[in-house]
Amino acid sequence: MPKLTLPVRLALLVAGTTLPLILFAGGIVFHNYMQDRNDARQRVLDTVRSIRLTLDAEMQRMTGGIQVLALTDALTSGDFERFRPIAMGFLQQYGKDGTILVADREGHQLFSSATTDTANLPLRSNREITQRVFETRQPQYSDLFYGIVKKSLIVTVEVPVLRDGQVIYDISFSPPVGMFQNMLEKQLPSADWTLSLLDRQATVFARVPNPAATIGKKASPTVIDRMMSEPEATLSSTSLEGVPLLSSFTRSSLTGWIIGAGISEESLVAPLWRNLAITSLLGGIMLAIGLAFAVRMATTIARAETLHDLLIEELNHRVKNTLAILQAIAVQSFRSASRAEREKFEGRLGALAEAHNLLSKEKWQGSELEDVIGRVLKPYQLNNPERIRITGPKVALSPRLAVVLSMIVHEIATNAAKYGALSNDTGAVDLSWEFTQPDAAKKLPGRLRLVWRETGGPVVSAPIQRGFGSRLIERSARDQLGGEATVDFLPPGVVYTISCKLED
């Protein structure tokens, strides 16, 4: 056997040490691709859930506003001329494209915010949903349909109008479809993504990209069967434009509407090929210059892996913080809860979302107590702001206090709207607060005392057993605020008292 020369032996040595490193680097690239793909699966699922929370919070707020309209004396008495300015005041927050209709059980339109000529109004074009409102006595959310008044594709929120315990009208609000489009555009992570809002029959009513070409169309055949049979899933699909996607969808338990999101498969595979090409190029260079460069390459890969792990840890830390808040709400909302209480969960998430919106606006530096309370009580002040009197000095809240107090005030206001002073036309609420300055010498923190006092509501009687909302208020004040919450059922009306420490 001929003796190998030194250059050959060195070449074999370089090849013997470098080729395994190239294979190892290729394995790392593929491993990272699979990890990135799994991360992308979770990302699209988190995205649709986030959009669902945002959508449900907005629809909850919208529904609450319409329910307040349904309680007005002008509407319940059938005085539509007196009701018109009230309805127009509600529409101002949605722009000129919003429309309010009032119809009877047969679908005859008795009122339209779009015209004063009520004598010539046509029958409702979706009388099935009007029948459901009269039968269920609950708010309903329509699928996409062609509106006769607007002469365009619309969705509606329908709320029963009650008089003496009976449904007398169906008040319908068709929000501007553009508001849903704006919502998706604000949530779009990048141009590689596709976001869609679909009704219960999987018909698109808002979409990014190509809304003009896709609104009114059914979802892609690759996902529509699963959308109709499952509440949530992650799968590979093809968009309406024929683009392969890694996608997720989830269904809102409030409206029944479907939220879909997908990221282009090409955007996931392209980094793999790019990284493999870079690895091959670097491998060729390493074969040319020897083992030293191979060692240096391995060191660079190790550093990149370390940085990758640090970034993932930071991402996990932030996600866990958010999930911890949601988990706390879920534990309090569903512990020993009845079916009716579980249905309130979306409303509580809506209050939490409003608090987060306020804190995001202030860049999570905290917020004023008056701003927090104002956001929670806004739906109840649309028509009769004088019924809720708010007084108190300026109090700066930490982000944690702002979130918890918004949930507590939301619960109290909900109880007042259902059973207390805000459930009739004569009741009123006086909400006031005071705070004690911190004493640095004695190391005593500042304290806040908030009092909700109702008058003019139905006859007050102490409940036989404490409800879920009362337990939520008490536990939030005690466990999360380090304070206490009391409720007194006095003859003039219910009085809630909340006290807690103020954080720096």
Side-chain angles (χ1 to χ4, degrees), residues 58-164 166-182 199 203 205-206 215-216 255 257 378-384 425:
E58 176 60 31
M59 298 309 297
Q60 189 77 22
R61 186 180 71 85
M62 185 186 298
T63 304
I66 301 170
Q67 288 174 322
V68 172
L69 289 180
L71 295 174
T72 58
D73 178 67
L75 182 57
T76 57
S77 64
D79 190 347
F80 296 113
E81 289 304 315
R82 190 156 56 94
F83 176 68
R84 182 172 296 277
I86 300 175
M88 300 309 291
F90 171 83
L91 290 175
Q92 287 180 356
Q93 61 186 309
Y94 293 100
K96 63 180 181 180
D97 293 331
T99 303
I100 290 179
L101 303 175
V102 178
D104 60 17
R105 181 185 288 269
E106 287 72 31
H108 296 105
Q109 296 188 48
L110 309 176
F111 171 86
S112 170
S113 63
T115 179
T116 57
D117 183 15
T118 57
N120 297 316
L121 289 173
L123 286 172
R124 287 286 304 272
S125 56
N126 59 338
R127 292 192 291 277
E128 296 81 4
I129 196 170
T130 300
Q131 289 297 320
R132 289 204 303 270
V133 171
F134 276 84
E135 292 170 1
T136 65
R137 301 161 59 94
Q138 297 294 325
Q140 301 292 323
Y141 303 88
S142 79
D143 293 326
L144 188 69
F145 69 99
Y146 185 81
I148 295 178
V149 174
K150 281 192 173 182
K151 301 188 184 305
S152 62
L153 293 174
I154 60 172
V155 293
T156 60
V157 181
E158 316 269 341
V159 170
V161 180
L162 303 176
R163 183 172 64 201
D164 299 328
Q166 300 296 319
V167 181
I168 58 172
Y169 304 128
D170 168 20
I171 179 171
S172 167
F173 174 52
S174 58
V177 176
M179 67 174 283
F180 301 110
Q181 188 67 32
N182 292 337
D199 64 17
T203 302
F205 64 88
I215 289 178
T255 62
W257 296 342
K378 184 177 180 181
Y380 307 97
Q381 294 180 299
L382 288 175
N383 300 309
N384 297 300
D425 296 329

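All values reported here derive from a predicted model rather than from experimental measurement.
Here OG of Ser174 is found 10.0 Å from CG of Asn126. Values are rounded to the nearest 0.5 Å. Note that CE of Met62 is 4.0 Å distant from CE of Met179, once rounded to the nearest 0.5 Å. Between atom CG of residue Leu69 and atom OG1 of residue Thr76 there is a gap of 12.0 Å, rounded to the nearest 0.5 Å. Between Ile100 atom CD1 and Ile66 atom CD1 the span is 7.0 Å, to the nearest 0.5 Å. To the nearest 0.5 Å, atom CD1 of residue Ile129 and atom CG of residue Asp143 are 7.5 Å apart. With rounding to the nearest 0.5 Å, the separation of CG in Leu110 from CG in Asp170 is 10.0 Å.
When all heavy atoms of Ile171 and Ala70 are compared, the closest pair comes out as CG2-CB, 4.3 Å. Residues Val155 and Pro175 share a closest heavy-atom pair of O-CD, 3.4 Å.
With hydrogens and angles disregarded, no donor-acceptor distance shorter than 3.5 Å links the side chain of Thr156 to the backbone of Glu158.
Using a 4.0 Å cut-off between charged nitrogen and carboxylate oxygen, Glu58 and Arg61 count as a salt-bridge pair.
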### Task
Could you walk me through whether Phe83 and Tyr169 pass the ring pair (Phe, Tyr, Trp, His ring centres under 6.0 Å) test, one step at a time?
CA-CA 13 Å; Phe83 176 68; Tyr169 304 128; 9.3 Å; no
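Phe90 and Phe173 have perpendicular rings, their planes meeting at more than 60° on a 0 to 90° scale where under 30° would count as parallel.
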